[in-house]
Amino acid sequence: MEFTAQILDVLTDSVYGARIKIEDGVFKEIEPIKVEKDTKLDIEGLLVPGFIDAHIHIESSMLTPAQFARMAVMHGTTSVVCDPHEIANVCGIEGIDFMMENASKVPFNFYFAAPSCVPATPFETSGAILDSNDVEFLLKKDEIVALAEMMNFPGVINGDEEVLRKLELARKYNKPIDGHAPLISGKELDKYVEQYVFTDHECSSFTEAVVKKWKGVKIMVRDGSSAKNMEAIFDLSERKKFFENQNGFGLVPSEIMQRRIHSPIFDFIVSDDKHPDDLIKGHLNSSIKKAVDMGVDIIEAIKLVTLNPASHYNLKTGAIVRGAKADFVVVDNLVDFNIQKTYVGGQCVFDGENILFDAPQVSELNSINATKKTSKDFEINYDGDECEVNVIECYNGELITSKASANLKVEDGVVKADLDNDILKISVVERYGKNNIANAFIKGFGLKKGAIASSVAHDSHNIIVVGCDEELMARAVNKIIDNKGGFVIVDDESCESLSLPIAGLMSNEDAFEVSEKLTVLHKSAKKLGCELDSPFMTMAFMALLVIPSLKISDMGLFDGDSFEFIDVIKN
């Protein structure tokens, strides 16, 4: 394959005409040519390197890797570094093998990170355990380019032997270590970074990101579906203030400082989680545009999803240079930035209108092994007329929760929800055969009737349910069991559901079909009073114990600040 085109060289920050030769999916020759106004090029528009999402959980899209790839190439994404710890928590090595096998069926670059925390904590029941021997088995694979996010930062800080062994193995096999350390600073951050944990995608403020950057951590600016931190981290006023305070007492000319304001001091833009309805609309192309709108130079923004991740993870892509994999995108220009075509390994996979490959159908991967529930399973009992309870308080679009409390009435020995004050029941039902169940209370969902349930509950993915009363919660959970996983909304008259039979996490359908069913569920949730933009995803993160402050697992109500269980009913 040989052609002429204008290219963006992210190594020199320049745009120039070139004659390009591709052999065996690799850029063989790139010869600069002079381009005049009347020069006829083989490809119109501008070639930029294919985009790389440096941190994503494919399972969050509810799509198989192959189906995900079909959507991603429409938006110029040609590579992802994915952490399959969602399916690993459910199915262990078998689940990771499934992801790799399915990913290999399509023309797209799937790079994988070895899950470091399966389970994420010892305070929940998961479907599998990956110890240091399993992690070493994975790190030896060519497809594995990193040790995935080390969420057990208390284990790192306190010197847990098994945790440190996994970090040591990553260093042994020369694989970078990804971090996950929300809000930690000071000596605890020092101990974390001492173990060569050199990325973080959990920064929620400019200040937190800068502090970690000063410690040598590469900052992943998250622009996903569940959490959107770009607005805070790329805040132009914060950036101006930062550079104004770094003027070196006149040693640095003001014009240099002005240019620096438009250069991000952070390293990558990542998705982390991308839901199907959002993936249909855009991926990293949308994030690049958003960064530019926030005052980031367009070429610097492109580097955050091309050159930078490729360099960090030692990927043979990320730039249009001789010897690199021929992954590139044709855009109309650097202002409108519309995707016209996408190429992977020199093969056109999206021609501007059509996706030029199919995704294979896969068999179900059943992982739901729970018995049917009754209303009594969701009762919280108390001997008295009223009691004070601890309450999880959640917020729209946020993973972090806060601790609240409420005084609730007791009827026939059962503590009741308080719909007038938005105090609902929340429960986690273990799905792997032990049938543990934990019940508590939550504020922030706004339901006035009904219940919603899901088999997507990070990271162990037990069944989680939020509801107004115990009977409807039991109905919702039982429908999840019947469907072998997925999402459910019930009220007294109706039941809506989306089945996710692949490990209770993914569908065989494409993004459009999954998104359509998810839209129906979101509308149903609003009819029941829920005002959250994405109630199922908010609910899923209520079980993620490594994110502060108050969460719930199948073992009980968990204080993420003190890293211990607390009672639902206050003494």
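Quantities reported herein were computed from a predicted structural model and do not represent experimental measurements. The chain is numbered in sequence order, starting from 1.
A distance-only check finds a donor-acceptor pair linking the side chain of E208 to the backbone of L183 [under 3.5 Å]. The main-chain N or O of G179 is found under 3.5 Å from a side-chain atom of T199 such that the two form a donor-acceptor pair. Distance alone, capped at 3.5 Å, is enough to place a donor-acceptor pair between the T342 side chain and the V73 backbone. The main-chain N or O of I56 is never found under 3.5 Å from a side-chain atom of K274 such that the two would form a donor-acceptor pair. At distances below 3.5 Å, at least one donor-acceptor pair connects side-chain atoms of N333 with backbone N or O atoms of V335. With hydrogens and angles disregarded, a donor-acceptor distance shorter than 3.5 Å links the side chain of D42 to the backbone of T4. In this structure, the side chain of S311 does not engage the main chain of N308 through any donor-acceptor pair within 3.5 Å. Between the side chain of N102 and the backbone N or O of A66 there is at least one donor-acceptor pair closer than 3.5 Å. The closest donor-acceptor contact from the side chain of H275 to the backbone of S225 lies at 3.5 Å or more, if one exists at all. Between the H262 side chain and the G295 main chain, a donor and an acceptor come within less than 3.5 Å of each other.
Within the structure, every pair that satisfies the side-chain hydrogen bond (donor to acceptor under 3.5 Å, both in side chains) test and touches residues 500-515, not counting sequence neighbours, is listed here: E509-K517. Sorted by first then second residue, the side-chain hydrogen bond (donor to acceptor under 3.5 Å, both in side chains) pairs that include residues 61-78, not counting sequence neighbours, are T77-H283. The list of salt bridge (charged side-chain N to carboxylate O under 4.0 Å, His left out) pairs with a residue in residues 304-316, not counting sequence neighbours, is empty. Residue pairs that meet the salt bridge (charged side-chain N to carboxylate O under 4.0 Å, His left out) test with at least one member in residues 321-342, sequence neighbours left out, are K325-D327. Counting only residues at least two apart or in different chains, salt bridge (charged side-chain N to carboxylate O under 4.0 Å, His left out) contacts with residues 44-64 comprise K40-E44. Counting only residues at least two apart or on different chains, the salt bridge (charged side-chain N to carboxylate O under 4.0 Å, His left out) pairs with a member in residues 220-232 are E202-R222, R222-D272, D223-K290, E231-K290.
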Dump the intermediate steps for side-chain contact (heavy atoms from CB on, under 4.5 Å) on I269 and F234, then the final yes or no. CA-CA 11 Å; I269 296 174; F234 278 168; 4.2 Å; yes
Starting from the C-alpha separation in whole Å, work towards a yes-or-no answer on ring-ring contact (aromatic ring centres under 6.0 Å, His included) for H312 and F198. CA-CA 10 Å; H312 180 75; F198 283 149; 8.6 Å; no
Applying side-chain contact (heavy atoms from CB on, under 4.5 Å), run through V80 and F108 and close with a yes or a no. CA-CA 9 Å; V80 294; F108 189 87; 3.9 Å; yes
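Between E136 and K172 there is a salt bridge, with a side-chain nitrogen of the basic residue lying less than 4.0 Å from a carboxylate oxygen of the acidic one.
Annotation: salt bridge (charged side-chain N to carboxylate O under 4.0 Å, His left out) contacts of E101 (sequence neighbours excluded): K105. Applying the side-chain contact (heavy atoms from CB on, under 4.5 Å) rule to N354 yields the partners D351, L356; only residues at least two apart in sequence or on another chain are considered. Residues that satisfy the salt bridge (charged side-chain N to carboxylate O under 4.0 Å, His left out) test with D267, not counting sequence neighbours, are K213. With sequence neighbours excluded, no residue forms a salt bridge (charged side-chain N to carboxylate O under 4.0 Å, His left out) with E143. K140 pairs by the salt bridge (charged side-chain N to carboxylate O under 4.0 Å, His left out) definition with nothing, not counting sequence neighbours.
In the displayed structure, D142 atom CG is contacted under 6.0 Å by at most 12 heavy atoms of other residues, nucleotides or ligands. When the shell of 6.0 Å around CD of E2 is examined, it contains more than 12 heavy atoms from other residues, nucleotides or ligands.
Going from atom CG of L8 over to atom OG of S14 covers 7.5 Å, rounded to the nearest 0.5 Å.
The aromatic rings of Y192 and F153 sit perpendicular, their planes meeting at an angle over 60°, well past the 30° parallel limit. Below 30°, between 30° and 60°, or above 60°: for H201 and H180 the angle between ring planes is above 60°, a perpendicular geometry.
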Give the table of side-chain donor-acceptor pairs shorter than 3.5 Å for residues 110-118, with sequence neighbours excluded, one pair per line with atom names and distance.
unit_1, atom_1, unit_2, atom_2, d
S116, OG, A148, O, 3.0
S116, OG, E149, O, 2.7

